[in-house]
Amino acid sequence: MKCKCGKKAVFYRSHEGTGYCKKCLCYQVEKTFKRTVKKNGLIKKGDKLAVAISGGKDSSVLLYLLRDIQKNIPFEMFAISIDEGIKGYRNKSLIFAKKLAKSLGIKHHIFSFKDNIKITLDEMPKNRKHCTYCGVFRRYLLNKKSLGLHAKKLALGHNMDDEAQSIIMNVMRDDLSRFNRLGAFPEHSKNSKFIPRIKPLRNISEKEITAYAIIKKISFYEEECPMSHDNFRRDVQSVLNDIENKHAGTKIKIVSFYDKVKTYTNIKKKGKMKYCQKCGEPSANDLCKTCELLKKVLK
Ligand SMILES: [Zn+2]
Ligand SMILES: [Zn+2]
């Protein structure tokens with residue numbers, strides 16, 4: 001198969017029925033990235049971004065592409081990683097994260113569960129829902145530490161597959177509040193203790209990100225987290241992949257439909273924000289989710 005430019009195609013976009021050569025695929029990925037940034041006003045001149053990186057493909061490509069558009073938009077950034085303390089996994093992936101940040105000349109901060117919440121994921125009782133705990137603690141630290149380092153926004157490597165899964169998951173859970181918090185630039189609280197999050201890769205598929213990383217020789221850690229088995233997201237991912245294989249373009253359509261529907265579902269939440277009595281971070285209740293869960297695992 002040939003690319004439209006005449007060169008040998010290395011990638012096939014089945015929903016378009018078109019082949020892409022290396023150069024044209026990279027151009028396409030970069031174009032989509034820039035369009036998402038521009039259309040949603042993700043980065044402004046003079047911004048300071050905290051970029052969450054794990055050493056995996058998505059966040060590695062994110063950091064690389066952000067470095068690239070600094071040529072066009074003057075903004076500052078640093079990389080940030082959370083070490084949950086999953087032996088044999090996170091320690092290995094962080095080697096890739098460190099190497100990439102260094103090669104791009106970007107300052108990199110690593111914060112561990114051990115130092116900051118006193119317990120690693122490995123040390124938590126095994127009957128816990130690991131992904132829930134891990135997610136809550138990770139988001140808590142990313143928010144707190146990014147703000148502590150004076151970032152204005154937190155950039156995350158969520159790709160289009162992640163986004164389509166989240167949309168469907170929230171439909172299946174009848175969770176309108178979480179549903180409304182998706183998108184490339186989710187609605188954020190005006191509270192200065194919450195960092196706004198941006199998802200510049202939100203319109204690029206996982207396959208294209210992987211291909212881009214390989215073509216650009218961005219090395220990344222390929223293993224999946226050993227703790228995350230049998231969760232809801234995995235099930236939704238597998239169903240969506242099956243449907244995508246039979247009906248190419250389904251994921252793009254889910255994401256596009258979301259953008260159309262969001263205008264109607266986005267009802268502002270009322271209710272006053274409180275602060276956690278224990279740690280002082282913003283919280284819906286007397287104790288924030290992190291402190292509440294920590295009470296269960298720390299004896
Ligand atoms: Zn081409
Ligand atoms: Zn708290």
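Both counts, for ligands and for their atoms, begin at 1 and track the order of listing. As the structure is a computational prediction, the values presented were derived from the model and not from experiment.
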Applying side-chain hydrogen bond (donor to acceptor under 3.5 Å, both in side chains) between Glu163 and each of Lys199, His158, Lys251, report the one that passes. Lys199

Indicate whether any N or O donor in one side chain lies under 3.5 Å from an N or O acceptor in the other, for Tyr89 and Glu224. no

Residue-atom pairs from the protein, N, O or S only, that lie under 2.8 Å from the Zn ion (ligand 1): Cys3 SG, Cys5 SG, Cys21 SG, Cys24 SG

Mind telling me whether Phe96 and Tyr221 have parallel, tilted or perpendicular rings, with 30° and 60° as the class edges? tilted

Under 2.8 Å from the Zn ion (ligand 2), the protein N, O or S atoms found are Cys276 SG, Cys279 SG, Cys288 SG, Cys291 SG

State, with a plain yes or no, whether a side-chain heavy atom of Leu287 is found less than 4.5 Å away from one of Lys295. yes

Is there a continuous path of hydrophobic side-chain contacts, each under 4.5 Å between heavy atoms, that joins Val51 to Ile80? no

For Tyr275, the other hydrophobic cluster members (4.5 Å side-chain criterion, sorted by chain and number) are none

Residues in ring-ring contact (aromatic ring centres under 6.0 Å, His included) contact with Phe113, at least two apart in sequence or another chain: Phe137

Side chain to side chain contact (heavy atoms under 4.5 Å, CB included) test vs Met124 passes for just one of Leu293, Val297, Leu294, namely Val297

More than 12 foreign heavy atoms under 6.0 Å from CG of Asp174: is that the case here? no

